Amino acid sequence: MTTEKINMTQVASPAISTAAAALRRLYFARFIFATIWAGVTFTVADGLNPLAVTLLVLYPLVDVAAAIIDARSSRSAGSPTLLYVNVAVSLLAAVGLAVAGSSGIPEVLRVWGAWAVVAGLVQLIVGATRRRMGGQWPMIISGGLSMLAGGSFFAAASADNPALTNAIGYAIPGAIFFLIAAIRLGRAAKAN
């Protein structure tokens, strides 16, 4: 049994190392995108103009692409099922945001909030299942915070003067957590 366990670890290690390297690149890319997206979106989000709505729809679409890349690159390190759930949830969010964009800021915040809660839950669970890979605590924390932020977006939607900056600010801590996770995945990526 001990020999079998050692052999499984030796077989799993290259798979984990390969997945960690791919995730590290993806997390760095997500950090860069979220940072740029937040900066650009802050400048145009005084109201629900076509550019602001397009940028709001773009964010979950990038999440779709990232989840697909993640599922393909880390398949050997675990089941990609939850990542495909995230693809579906983020696609629904993009469509919901496009529709809500014509209804007003409160509706946009409600859709954004629902997406933040569900996507955060998925991120938390995926991070927890990948703990042995390393570098996942930032993703676990980020998922939990995303769920809490989603609730705050619902509350903000009911405020007297709701603002899109609430949703845009959501990207900044996410970017920081992606950067921390990418840095922490460095050891696991070099283990191969």
Side-chain angles (χ1 to χ4, degrees), residues 15-16 18-38 40-41 52-101 107-151 153-154 167-168 170-182 185 188-189:
I16 289 173
T18 301
L23 282 177
R24 187 168 197 245
R25 289 187 300 273
L26 179 63
Y27 290 174
F28 274 129
R30 294 202 65 184
F31 161 74
I32 292 166
F33 168 76
T35 303
I36 293 170
W37 179 88
V40 170
T41 307
V53 172
T54 301
L55 287 166
L56 288 168
V57 169
L58 178 64
Y59 198 88
L61 290 177
V62 168
D63 198 48
V64 167
I68 291 170
I69 292 167
D70 187 341
R72 289 182 179 165
S73 63
S74 63
R75 187 176 310 247
S76 61
S79 173
T81 302
L82 281 173
L83 294 169
Y84 291 122
V85 168
N86 193 51
V87 167
V89 167
S90 293
L91 279 173
L92 287 172
V95 171
L97 287 166
V99 172
E107 289 307 313
V108 167
L109 290 175
R110 286 183 186 101
V111 171
W112 194 270
W115 174 59
V117 168
V118 178
L121 177 62
V122 170
Q123 183 179 18
L124 187 150
I125 294 169
V126 168
T129 62
R130 290 179 172 171
R131 277 192 335 261
R132 69 185 179 121
M133 181 185 300
Q136 294 304 300
W137 279 108
M139 296 294 88
I140 293 168
I141 295 167
S142 179
L145 290 175
S146 180
M147 293 170 58
L148 293 173
F153 299 141
F154 279 105
I168 298 164
Y170 168 77
I172 295 168
I176 293 167
F177 281 113
F178 277 118
L179 177 62
I180 294 167
L185 276 169

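Everything numeric here is computed off the predicted structure, so don't read it as measured data.
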Quiz item: Just checking, any donor-acceptor pair under 3.5 angstrom between side chains of Y59 and T41?
Solution: no
Exercise. First locate atom CZ of F33, then atom CG of L58, and finally report the distance between them rounded to the nearest 0.5 Å.
Key: 4.0 Å
Practice problem: For side-chain contact (heavy atoms from CB on, under 4.5 Å), just list the numbers for N86 and L82, CA-CA rounded to whole Å, side-chain angles, deciding distance to a tenth of an Å, and then say yes or no. | Solution: CA-CA 6 Å; N86 193 51; L82 281 173; over 6 Å; no
Self-check item: Value rounded to 0.5 Å, distance of CG in D70 from CG in L83
Solution: 4.5 Å
Quiz item: Of the non-hydrogen atoms in F153 and L109, which two are nearest, and what is the gap between them?
Solution: CB-O, 3.5 Å
Quiz item: Are any side-chain N or O atoms of W37 and backbone N or O atoms of L55, one a donor and one an acceptor, separated by less than 3.5 Å?
Solution: yes
Self-check item: Distance (rounded to the nearest 0.5 Å) between I140 CD1 and L145 CG
Solution: 12.0 Å
Exercise. To the nearest 0.5 angstrom, please state how far the CG atom of L179 sits from the CD1 atom of I32.
Key: 9.0 Å
Quiz item: Is the closest side-chain heavy-atom distance between V118 and M147 below 4.5 Å?
Solution: no
Quiz item: Closest heavy-atom contact between I172 and A38?
Solution: CG1-CB, 3.9 Å
Quiz item: So, the side chain of R24 versus the backbone of A182: is there a donor-acceptor pair under 3.5 Å, distance only?
Solution: yes
Quiz prompt | Check: V87 main-chain N/O paired with S90 side-chain donor or acceptor under 3.5 Å | solution = no
Practice problem: Check whether any side-chain heavy atom of F178 sits under 4.5 Å from a side-chain heavy atom of F28, and report yes or no. | Solution: no
Self-check item: Heavy-atom closest contact (G150 atom, V117 atom, distance)
Solution: CA-CG2, 3.7 Å
Quiz item: When rounded to the nearest 0.5 angstrom, what distance separates OG in S142 from CD in Q123?
Solution: 4.0 Å
Quiz prompt | Minimum heavy-atom distance A71-P80, with the two atoms named | solution = CB-CB, 3.7 Å
Practice problem: Mind listing the closest non-hydrogen atom pair of A98 and V57 along with its distance? | Solution: N-CG2, 3.6 Å
Practice problem: First locate atom CG of L124, then atom CD1 of I141, and finally report the distance between them rounded to the nearest 0.5 Å. | Solution: 10.0 Å
Quiz item: If every non-hydrogen atom of P138 is compared with every non-hydrogen atom of I180, which pair is closest and at what distance?
Solution: CG-CG2, 3.5 Å
Quiz item: Considering only heavy atoms from C-beta outward, does the side chain of Q136 approach that of T129 to under 4.5 Å?
Solution: no
Practice problem: Taking the side chain as every heavy atom from C-beta outward, state whether L61 and L91 have any atom pair closer than 4.5 Å. | Solution: yes
